Amino acid sequence: MFGEHHSLPLVLINLLGLAGILIWHIQGRSRPTARLIVQILFFAGMSLVLWLAGISPYRLDDAELQGAGTLLAKSARILWWLHLAWTLIGFVHIYLTLNRRPQEAHLLQDLIVGVVYLGVALSVIGFVFGAPIGPLIATSGVVVVIIGLALQNTLADVFSGIALALGRAYAIGDWIQLSDGTEGRVTETNWRSTNLLTGGHNVVVLPNSVLAKQGVTNRSRPDESHLVTLTVRVAATHRPHVIEEIMLLALQDCERIVKNPPPAIALKTIDAIAIEVELQFRVASAATRTLAQNEIIDLVYEHCRTNGLSFAMPEQSVFCLPPAEGAAAVVRQLSSGRYQAMRALQTMNDQP
């Protein structure tokens, strides 16, 4: 033990605390592991001195409350509590880094840091300065309620952001689609909003409270590839299996789609006019979806023209034919998947 006189150990604790702060800043934020090592070493050294000298970090001795030693005793304990907070925060940061989730856990990390600093601040006020914490917490609660009512919408975004981070519905770099049709790649998440980079290279800023109320489809899980469908109506001039083979050849010739699993053709409907087929294929990512679809449309057109297939008119379309044999007009209307022809004839009566 250092003996009953605590002056030397208190001076040593202050020197260790100040040296730790200086070296901690010299290390910089780019070296979190080195920072954590420095924090652990200096905190362990300060704790060892406290233990060997028999000094409690939770209360001041009666001898320390007299004379100029009071300032030295309080500063030593404040530095000890500060290094404790930094050590805990360093462990949290290293844990998130080792789990390879430093960006998507940004909100959770900030929340833990805030709780640690709040706990240390209350400990310093209560243990070092001897102030009653109960009335302070009660007063702070009233202030928090007033601030909460004033910042209701902002707090909704904050807590929604925390819920989204804990739920891990998406991560930085994932391509997501919302129930209202908005889609893009997640580029940033913060306390208030989430930023999406759309296919048009625009940034959409979504408040977390709005995002939490919508259904989110993560197109990057379990991988980036996803299914795309394209519907084509072909005139019913060939057998369905022939049309299926031609469409499948068009998909196989496409360079921008995923070949495993292989693309497929689904025959949807058939009537006297058309055969409706659905082309089903997968693309490597949402960013290549438009390019792949354009290439497939071009290949479908080329294969249909080469093999003598004609495209059918879309459903519920109206068109006019030229007059014949004195008819004023001929109108055909497609309704409920069938053509219904109506012909109005008007005859000219010649006067003798």
Side-chain angles (χ1 to χ4, degrees), residues 29-30 93 96-97 99-111 113-114 150-232 250-251 253-261 263 278-301 314:
R29 295 184 177 181
S30 60
H93 182 73
L96 296 176
T97 303
N99 281 271
R100 298 180 180 179
R101 277 189 268 266
Q103 292 180 316
E104 57 263 33
H106 178 70
L107 296 179
L108 182 60
Q109 178 180 341
D110 289 346
L111 180 63
V113 169
L151 302 175
Q152 190 172 11
N153 294 333
T154 302
L155 290 176
D157 292 332
V158 170
F159 285 106
S160 297
I162 295 173
L164 291 171
L166 293 176
R168 297 179 181 177
Y170 54 83
I172 301 296
D174 286 353
W175 188 280
I176 64 173
Q177 181 178 4
L178 307 183
S179 57
D180 62 359
T182 304
E183 60 179 316
R185 193 173 299 279
V186 180
T187 58
E188 181 185 356
T189 58
N190 52 50
W191 283 99
R192 193 175 185 278
S193 61
T194 298
N195 295 350
L196 300 182
L197 181 64
T198 65
H201 207 68
N202 299 317
V203 176
V204 178
V205 180
L206 295 170
N208 290 329
S209 59
V210 175
L211 189 61
K213 295 177 182 178
Q214 296 199 39
V216 178
T217 301
N218 194 331
R219 295 188 175 274
S220 296
R221 297 181 185 178
D223 53 46
E224 284 277 346
S225 65
H226 65 278
L227 182 68
V228 180
T229 60
L230 178 65
T231 302
V232 179
L251 289 178
D253 290 343
C254 183
E255 300 282 340
R256 292 187 172 94
I257 66 174
V258 176
K259 299 303 174 65
N260 187 21
E278 183 179 79
L279 285 65
Q280 303 174 354
F281 55 92
R282 302 188 72 87
V283 294
S285 65
T288 62
R289 178 178 53 192
T290 301
L291 295 175
Q293 186 169 304
N294 291 345
E295 183 181 358
I296 287 175
I297 290 176
D298 183 75
L299 290 171
V300 167
Y301 175 82

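Keep in mind that what you see is a predicted model, and the values were worked out from it rather than measured.
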**Student:** State, yes or no, whether a side-chain contact exists between Thr187 and Ile172 at a heavy-atom distance under 4.5 Å.
**Tutor:** no

**Student:** Would you name the heavy atoms of Arg221 and Ala169 that are closest together and state the gap between them?
**Tutor:** NH1-O, 3.7 Å

**Student:** With sequence neighbours excluded, tell me which residues meet side chain to side chain donor-acceptor pair (under 3.5 Å) with Ser225.
**Tutor:** Asp223

**Student:** About how many Å separate NE2 of His226 and CZ of Phe281, when rounded to the nearest 0.5 Å?
**Tutor:** 9.0 Å

**Student:** Looking only at heavy atoms, which two atoms of Ile257 and Ala292 are closest? And how far apart?
**Tutor:** CG2-CB, 4.1 Å

**Student:** Check Gln280 against Leu251 and note the closest heavy-atom contact, atom names and distance.
**Tutor:** O-CD1, 4.2 Å

**Student:** Nearest 0.5 Å, please: how far is CG in Leu227 from CZ in Arg289?
**Tutor:** 11.5 Å

**Student:** How far does CG of Leu211 sit from CD1 of Ile176, to the nearest 0.5 angstrom?
**Tutor:** 5.5 Å

**Student:** What pairs meet the side chain to side chain donor-acceptor pair (under 3.5 Å) rule with one or both residues in residues 290-299, with sequence neighbours excluded?
**Tutor:** Arg256-Glu295

**Student:** So which atom in Ser220 and which in Arg185 form the shortest heavy-atom distance, rounded to 0.1 Å?
**Tutor:** OG-NH1, 4.5 Å

**Student:** What I'd like to find out is whether the side chain of Val186 reaches to under 4.5 Å of the side chain of Leu196, using heavy atoms alone.
**Tutor:** yes

**Student:** Between Asn195 and Asn190 (side chain of the first, backbone of the second, donor and acceptor by atom type, cut-off under 3.5 Å), is there such a pair?
**Tutor:** no

**Student:** Is there a side-chain contact between Ile296 and Val228 in this structure, where contact means two heavy atoms from C-beta onward sitting under 4.5 Å apart?
**Tutor:** no

**Student:** Calculate, to the nearest 0.5 Å, the distance between atoms OG and CG belonging to Ser193 and Leu206 respectively.
**Tutor:** 8.0 Å

**Student:** Calculate, to the nearest 0.5 Å, the distance between atoms CD and CG belonging to Glu278 and Leu230 respectively.
**Tutor:** 9.0 Å

